[in-house]
Amino acid sequence: MSEKEKKMSVAKGKPIAQSIPGGLLPSIVAARIDGTLVDLSFVPDHEVEVELIKADSEEGLRILRHSAAHLTAQAVLSLYRNAKLNAGPPTEDGFYYDIQMDPISSEDLGKIEEKMKELSARKLKIERVEMSREELEREFSNNKFKLDKIVAKVKPGHKSTVYRQGDFQDFCTGPHVPDTSYLSAVKLLSVASTNYMGDVTKEKMVRIYGTAFPDKKSLDQFLAMREESMKRDHRKIGQEMDLFTFNSERAPGFPLYAPNGQWIRSRMVGFMKDLNERYGWQEVWTPHLFRDTMWKQSGHYAKYKDNMYLFQLSDGDSYAIKPMNCPGHITIFERTMYSYRDLPVKYFEAGTVYRYEKSGEVGGLTRPRAFTIDDGHAFLRMDQMVTEIAAVLSMVKEAFSAFFHKPEMIYDLSVIDKENYDNYLISYHCNSCDSISDIRKAAVEELKCPVCGSTELEPDFSRWDAATEALKNALVSNDIPFKEYPGEAAFYGPKIDIHVKDALGRSWQLSTVQLDFFMPINFDLNFINEQGKKETPVMVHRAIYGSYERFMVILLESYAGKLPTWISPLQCYVVPVSQSFSDYGRKVEKALKARGIRAILDDTNETMNRKIRNIRRQRPSYIVVVGGKESETNTVSVRNREEKQTVYDLEKFIDAISREIDEREIQQTL
RNA sequence: GCCGUCGUAGCUCAGCCUGGUAGAGCGUGUGCUUGGUAAGCACAAGGUCGCGGGAUCGAAUCCCGUCGACGGCUCCA
């Protein structure tokens with residue numbers, strides 16, 4: 001349907017639905033008049049131009065799913081008499097309904113779904129009814145959650161609406177689909193538990209997740225996609241490819257990398273090391289433990305001690321395992337004096353940090369208790385910010401282009417909210433003694449000048465402005481479109497976060513570039529400026545992958561485990577046709593390994609067919625079959641991931657695959 | 001941390017409701033077979049049924065506790 005066809009004019013005094021051609025009607029769920037969404041049953045009081053909302057449009061789907069949420073609620077109420085409804089909004093790819101009721105399990109969903117199908121088949125008319133606030137309060141008098149909403153949303157003396165279908169009604173502004181027959185392609189997906197208004201002290205609720213589509217075909221397509229993304233779960237792939245393991249008894253939440261997984265990690269670390277060095281970042285190493293005194297100084301202890309692994313030695317000294325790398329890097333920076341000419345000083349480290357995540361929060365490699373950050377800290381003069389940040393942005397681009405074909409990246413600039421700055425560390429100018437001090441208002445009892453005690457302090461945003469300008473300029477000079485989020489900055493400075501979209505359309509926050517005014521002050525860092533005076537440097541915290549663990553998750557799930565050859569843990573799987581060709585197989589394996597290609601020869605007493613079938617789960621880049629023909633001509637029969645088979649001269653094959661690896665080709669070239 | 005579901009062989013799972021001390025497929029090992037690109041044949045090994053307690057003549061099975069995993073909620077420097 002073109003833009004033109006979507007618009008139509010509707011005469012006064014008759015429902016919109018009656019003006020829509022019969023053939024078109026079933027695909028339309030609602031309409032828009034002057035920017036407001038209305039039901040198809042809406043009767044205009046003068047001739048109007050309406051825009052039709054198709055079921056398969058973004059807005060149409062939301063309406064359809066919201067109606068499906070109502071249908072779920074209706075089914076639940078008819079099956080569970082004591083259930084009390086809370087709210088049931090549409091979500092990005094479905095809907096949920098929060099209901100106070102006795103816990104149910106996912107097995108009960110089938111029963112509810114049956115009921116929904118039955119209600120849908122009855123083609124119940126969905127009606128909009130206007131009610132005054134008083135009427136609403138009467139209608140929903142037995143439901144505290146609805147009453148809360150009515151009180152919060154409907155002003156006394158005003159009206160709002162309920163939607164009715166059969167014996168069911170819900171307080172709702174709509175719009176909704178005309179009748180329940182529109183809701184035939186529905187599926188309840190899972191059940192979870194939540195609390196009223198997300199507050200643990202409030203009532204427990206059952207949250208039922210589901211989705212709905214205009215027709216069964218698109219629902220099935222969605223379910224197939226969902227299945228696919230479950231198949232691509234990195235935990236499953238990791239097990240199949242034998243990359244890592246978790247031992248829930250011995251180290252809950254900590255991944256242990258098997259040879260294949262560690263091989264991938266070292267490749268990633270190696271790539272990053274090379275990239276960093278090319279951009280002037282120097283590798284350092286810091287210990288995994290520091291005295292608690294350092295964490296107290298850095299401020300981490302006060303804020304995050306519940307998430308830190310802390311322990312005391314028998315002599316009484318207390319230590320903490322590092323939850324961050326920056327104080328370590330600062331400690332290295334502190335070892336000597338710097339002139340303004342020495343700056344920038346840029347350190348990086350693949351630094352493994354340990355954070356005690358609460359039991360319900362850990363999960364696979366996405367949220368482990370130990371992870372390794374490709375962490376970098378730069379110490380800069382104010383005038384170096386733009387250049388250095390721009391350089392980091394180039395690094396980010398380069399890094400992701402090596403792993404993905406045309407990666408889709410989204411840049412968020414998080415800045416201070418000047419209307420609401422109590423939480424941020426800012427400079428205050430004292431009107432009484434003219435001194436400047438850095439204070440975070442939310443962290444002090446009373447805002448007063450640390451020099452003279454005066455309360456006549458005026459916020460000075462100049463440093464924040466300069467930093468924000470620097471980040472912006474860096475983005476602009478790299479030709480990067482970005483969105484600005486006031487109030488999202490860290491308390492110590494503004495930042496740029498970079499999200500990358502994966503193959504399944506999910507967006508991951510990976511890179512971050514943060515400016516920090518706080519740590520340098522806290523640790524009293526300085527350099528000698530042109531005037532021969534001590535000056536405080538600005539710190540940049542940055543990570544490109546974010547963590548190696550999360551990045552590995554994205555790689556595995558994006559490629560469904562079929563990684564580009566340069567990071568594939570099994571680059572060549574060599575299979576002799578029969579054991580009588582083991583010798584030639586060994587020769588091939590040796591030749592491959594001599595060139596640094598990760599290859600294994602499988603000369604076990606099994607059929608070639610079985611070997612090929614079973615190696616699939618390990619996702620080899622190439623399967624190399626050798627037999628009589630190959631051994632006589634010094635060739636190999638190579639099968640790539642598209643199942644295409646080609647015979648190559650052995651030396652030529654090795655040259656070609658080496659090139660593919662060296663060039664970090666994303667697609668297979670053979 | 002909270003709520004729900006789950007925990008049986010290396011992996012995937014059955015058995016649990018209705019108690020009588022475990023089963024399949026894949027994988028592994030051995031033998032036969034010696035093969036041309038996703039299922040050749042046979043035999044075998046492999047499990048304190050997460051852990052602890054309780055009621056029972058008897059528990060993988062029922063009850064309680066605990067640890068862990070998963071899905072959510074909340075959190076994520």
Side-chain angles (χ1 to χ4, degrees), chain A residues 96 98 100-109 189-209 230 233 235-236 239-240 242 245-253 295 298-308 322-327 353 355-364 366-369 371 373 490-492 495 509 512 514 516 518-519 541 546-547 550 573 575-582 603-617 622-630 637-640 643-647:
Chain A
Y96 64 81
D98 282 352
Q100 189 188 33
M101 62 192 292
D102 291 331
I104 56 168
S105 78
S106 48
E107 281 154 36
D108 301 309
L109 293 181
L189 298 169
S190 64
V191 50
S193 147
T194 181
N195 292 81
Y196 185 44
M197 307 181 66
D199 181 341
V200 289
T201 63
K202 295 202 159 76
E203 292 86 343
K204 308 242 175 304
M205 301 211 150
V206 171
R207 175 172 292 184
I208 298 174
Y209 282 92
M230 290 205 282
D233 188 306
R235 286 167 294 208
K236 189 167 158 19
Q239 188 174 65
E240 288 172 353
D242 196 22
T245 186
F246 285 87
N247 187 310
S248 57
E249 300 289 319
R250 298 180 181 171
W295 302 110
S298 70
H300 291 111
Y301 187 90
K303 213 171 165 190
Y304 301 108
K305 74 168 185 298
D306 290 346
N307 292 93
M308 289 166 68
K322 64 175 172 184
M324 290 199 94
N325 297 306
C326 32
V353 298
R355 299 178 185 179
Y356 178 71
E357 305 288 356
K358 308 233 173 58
S359 60
E361 292 162 350
V362 292
T366 357
R367 199 73 192 275
R369 285 182 171 134
F371 58 94
I373 308 174
F491 76 85
Y492 48 76
K495 60 175 180 175
Q509 198 229 295
T512 179
Q514 309 191 354
D516 181 359
F518 176 73
M519 290 265 192
H541 307 245
S547 87
R550 264 161 65 93
Y573 178 69
V575 200
V577 169
S578 84
Q579 285 186 313
S580 31
F581 304 106
S582 289
D603 63 350
T604 55
N605 179 18
E606 262 313 332
T607 60
M608 179 181 54
N609 279 348
R610 183 187 285 263
K611 288 178 188 174
I612 290 174
R613 173 171 19 107
N614 288 338
I615 202 66
R616 245 181 97 212
R617 62 197 344 250
Y622 294 103
I623 294 173
V624 177
V625 174
V626 293
K629 283 177 269 177
E630 289 79 8
S637 171
V638 176
R639 178 190 198 174
N640 70 13
E643 318 300 337
K644 195 179 128 212
Q645 290 167 36
T646 319
V647 175

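So you know, we letter chains A, B, ... as the sequences are listed, proteins then strands, and number each from 1.
Although no hydrogens or angles enter the test, the distance criterion places no donor-acceptor pair under 3.5 Å between the side chain of A:Asn640 and the main chain of A:Tyr622. Between the side chain of A:Arg369 and the main chain of A:Tyr356, no donor-acceptor pair closer than 3.5 Å is present. Using modelled atom types, one side-chain atom of A:Gln579 and one backbone atom of A:Asp603 make a donor-acceptor pair closer than 3.5 Å.
Using cut-offs of 30° and 60° on the angle between ring planes, the pair A:Trp295 and A:His300 is perpendicular.
Distance NE2/A:His541 to OH/A:Tyr492: 5.0 Å, rounded to 0.5 Å. With rounding to the nearest 0.5 angstrom, the CG atom of A:Asp98 is 6.5 Å from the CE atom of A:Met205. Expressed to the nearest 0.5 Å, how far NZ of A:Lys611 lies from CG of A:Asn605 amounts to 8.0 Å. The distance from atom NZ of A:Lys236 to atom CG of A:Asp233, rounded to the nearest 0.5 Å, is 9.0 Å. Taking NZ of A:Lys322 as the start and CZ of A:Arg355 as the end, the distance is 11.5 Å to the nearest 0.5 Å.
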- Going 5' to 3' along nucleotides 66-77 of chain B, which nucleotides have protein heavy atoms under 4.0 Å from the base (write B), which only from the sugar-phosphate (write S), and which from neither (write -)? --SSSBBBBBBB
- If a protein heavy atom is under 4.0 Å from the base, mark B; if only from the sugar-phosphate, S; if neither, -; do that for nucleotides 25-31 of chain B going 5' to 3'. --S----
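Between B:G58 and B:C13, the two C1' atoms lie 28 Å apart (nearest whole Å). Spacing of C1' atoms, B:A69 relative to B:G50, comes out at 10 Å, to the nearest Å. Separation of the P atoms belonging to B:G47 and B:G23 is 14 Å when rounded to the nearest angstrom. Nucleotides B:A45 and B:G40 place their C1' atoms 22 Å apart, quoted to the nearest Å. If you take atom C1' in B:C63 and the same atom in B:C17, they sit 15 Å apart, rounded to whole Å. Taking atom P in both B:U30 and B:G46, the straight-line distance is 16 Å, to the nearest Å. When the C1' atom is used for both B:U18 and B:A9, the distance is 27 Å, rounded to whole Å. When the P atom is compared between B:C3 and B:A60, the two are found 29 Å apart, to the nearest whole Å.
Among the heavy atoms of the strands lying under 4.0 Å from A:Glu630 is at least one base atom, whether or not backbone atoms are also near. Using a 4.0 Å heavy-atom criterion, one finds that A:Lys611 contacts no nucleic acid atom at all.
At least one side-chain heavy atom of A:Val353 sits less than 4.5 Å from a side-chain heavy atom of A:Phe371.
When both distances must be under 3.5 Å, the Watson-Crick or G-U wobble mate of B:C2 is B:G72. Pair assignment for B:G65 gives B:C51, based on Watson-Crick or G-U wobble hydrogen-bonding distances that are each under 3.5 Å. Look at B:U37: it lacks any Watson-Crick or wobble partner with both distances under 3.5 angstrom. Nucleotide B:U18 forms a pair with no other nucleotide shown, judged by Watson-Crick or G-U wobble geometry with both contacts under 3.5 Å. Across every strand in view, B:G29 sits in a pair with B:C43 that passes the Watson-Crick or G-U test at under 3.5 angstrom. Summarising the base pairing, B:G58 is matched to no nucleotide, lacking a Watson-Crick or G-U wobble pair whose two defining distances lie under 3.5 Å. Checking B:U12 for Watson-Crick or G-U wobble geometry (two distances, each under 3.5 Å) identifies B:A24 as its partner.
Mapping A:Val625 and A:Met205 onto RNA chain B via the closest heavy atom, the residue that lands nearer the 5' end is A:Met205.
When rounded to the nearest whole Å, the span between CE of A:Met608 and C1' of B:U37 equals 5 Å.
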If you restrict it to nitrogen or oxygen atoms, what contacts under 3.5 Å exist between nucleotides 9-14 of chain B and the protein, and what is each distance?
from	atom 1	to	atom 2	distance (Å)
B:C11	O3'	A:Gln239	OE1	3.0

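Of the listed nucleotides (B:G1, B:G36, B:G40), B:G40 has the atom at the smallest distance from the side chain of A:Thr607.
The only member of A:Val625, A:Ile612, A:Val575 that meets side-chain contact (heavy atoms from CB on, under 4.5 Å) when paired with A:Arg639 is A:Ile612.
For the residue pair A:Gln514 and A:Thr512, a side-chain donor N or O sits within less than 3.5 Å of a side-chain acceptor on the partner.
Contact detail for A:Cys326 and A:Met519: the closest heavy-atom pair is SG-CE, 4.0 Å.
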